[in-house]
Amino acid sequence: APCIHKMSLLVFSENQDLLYHFLTKSVEEKLSEHRIVKNPEDAANHLTETVLVQIFSPILLAIQYLENDGEYLAVIETKQGIRLVFNYFCDYIILGILDAEESQEEAECFLNFSVFTIKTLVGPCFDQLKNHKTKMTLDSLLHFNTFCGADLTNIMKCVQI
């Protein structure tokens, strides 16, 4: 099974404030294709928090609208082949961006694990994710190289999410 620790993850507040983000190289490149970036190696420098909010703002509005209407939207696939999975905690939207080799099941498992890890790390105070030390700790916990599909599934069963 492919390792799912390489999934990109973004956490937004209800006001579309980007609290946390981790982007894989392949996702950075895909997002940069839709922006004017002269050098692909500079993609990360051009995908600032402001740019990421601009990119995902229409999607977040649609999710919030559907959720307020009683509809639960869990997965979106774009024309460009980018698949997005969502999870909600209080008024926060946790968004995962799947790389090509990841299944939806693996992504949802990783997203559930991410929510559990964030809640364990900061409790209901998701705004703490903007703190550099907290972000580095979360990066380490979520993207630790030994979490592969089967292992993470067993971990999730143990914590009963």
Side-chain angles (χ1 to χ4, degrees), residues 2-35 43-44 46-132 134-144 147 149 152-153 156 161:
C3 290
I4 60 174
H5 66 278
K6 295 182 180 178
M7 189 170 98
S8 297
L9 185 74
L10 298 99
V11 179
F12 292 93
S13 71
E14 68 179 329
N15 300 322
Q16 297 185 4
D17 186 20
L18 181 60
L19 303 175
Y20 172 83
H21 70 282
F22 172 85
L23 299 176
T24 63
K25 261 307 189 212
S26 63
V27 168
E28 281 179 0
E29 290 168 3
K30 272 195 174 189
L31 292 176
S32 294
E33 287 173 9
H34 304 287
R35 302 202 44 85
H46 295 281
L47 292 173
T48 63
E49 288 186 14
T50 304
V51 170
L52 289 170
V53 169
Q54 290 172 353
I55 290 170
F56 290 103
S57 183
I59 295 169
L60 295 171
L61 286 172
I63 293 166
Q64 290 169 326
Y65 175 78
L66 289 171
E67 185 186 24
N68 289 338
D69 239 19
E71 303 268 337
Y72 181 78
L73 185 61
V75 180
I76 291 179
E77 185 164 347
T78 68
K79 289 179 185 177
Q80 294 79 15
I82 298 172
R83 292 179 298 149
L84 309 168
V85 292
F86 303 92
N87 201 321
Y88 304 90
F89 176 70
C90 295
D91 291 325
Y92 300 97
I93 298 173
I94 298 90
L95 179 136
I97 306 172
L98 283 69
D99 285 334
E101 67 273 359
E102 294 169 328
S103 73
Q104 183 176 330
E105 183 182 353
E106 289 174 321
E108 289 172 356
C109 182
F110 179 78
L111 215 53
N112 288 335
F113 179 75
S114 299
V115 171
F116 173 79
T117 304
I118 293 169
K119 290 190 311 191
T120 301
L121 186 62
V122 298
C125 304
F126 273 41
D127 290 341
Q128 289 181 20
L129 293 173
K130 284 193 147 198
N131 176 294
H132 179 72
T134 305
K135 182 188 180 328
M136 298 308 291
T137 303
L138 187 57
D139 283 349
S140 298
L141 291 171
L142 292 181
H143 304 287
F144 190 63
F147 287 136
L152 189 55
T153 304
M156 294 303 296
I161 290 192

Check your understanding: What's the spacing between Phe12 CZ and His21 NE2 if we round to 0.5 Å?
Key -> 9.5 Å
Practice item. For residues Leu129 and Tyr92, determine if any side-chain heavy atom of one lies less than 4.5 Å from a side-chain heavy atom of the other. Key: no
Check your understanding: Are the side chain of Thr24 and the backbone of Ser8 linked by a donor-acceptor contact shorter than 3.5 Å?
Key -> no
Exercise for review: On the 0 to 90° scale, with breaks at 30° and 60°, tag the Phe116-Phe113 ring pair as parallel, tilted or perpendicular.
Suggested key: tilted
Review point. If you round to the nearest 0.5 Å, how far is OG of Ser114 from CZ of Phe22?
Key: 11.0 Å
Review point. CD1 of Ile76 to CD1 of Ile97: how many Å apart, nearest 0.5 Å?
Key: 11.5 Å
Exercise for review: Would you check, one step at a time, whether the test side chain to side chain contact (heavy atoms under 4.5 Å, CB included) holds for Leu9 with Leu111?
Suggested key: CA-CA 8 Å; Leu9 185 74; Leu111 215 53; 3.5 Å; yes
Check your understanding: Can you name the nearest heavy-atom pair linking Leu18 to Lys130, along with the distance?
Key -> O-CE, 3.2 Å
Exercise for review: Kindly indicate, with the supporting measurements, whether the criterion side chain to side chain contact (heavy atoms under 4.5 Å, CB included) is fulfilled by Ile94 and Phe126.
Suggested key: CA-CA 11 Å; Ile94 298 90; Phe126 273 41; 4.2 Å; yes
Practice item. Report the distance from atom SG of Cys125 to atom CG of Asn131, rounding to the nearest 0.5 Å. Key: 12.0 Å
**Study point:** Which residues share a side chain to side chain donor-acceptor pair (under 3.5 Å) with Ser57, sequence neighbours left out
**Key:** Gln16
**Study point:** Reported CD1-to-CD distance for the pair Ile118 and Gln128, which is rounded to 0.5 angstrom
**Key:** 12.0 Å
Practice item. Mind running side chain to side chain contact (heavy atoms under 4.5 Å, CB included) on Met136 and Asp139 for me, showing each step along the way? Key: CA-CA 5 Å; Met136 298 308 291; Asp139 283 349; 4.2 Å; yes
**Study point:** Leu84/Phe56 under side chain to side chain contact (heavy atoms under 4.5 Å, CB included): CA gap, chis, key distance, verdict
**Key:** CA-CA 11 Å; Leu84 309 168; Phe56 290 103; 4.2 Å; yes
Study note, to complete from the structure: Here the gap from Leu60 atom CG to Leu95 atom CG, rounded to the nearest 0.5 Å, amounts to 7.0 Å
Practice item. Find out whether Leu23 and Leu10 are in side-chain contact, i.e. whether some heavy atom of one side chain is under 4.5 Å from a heavy atom of the other. Key: yes
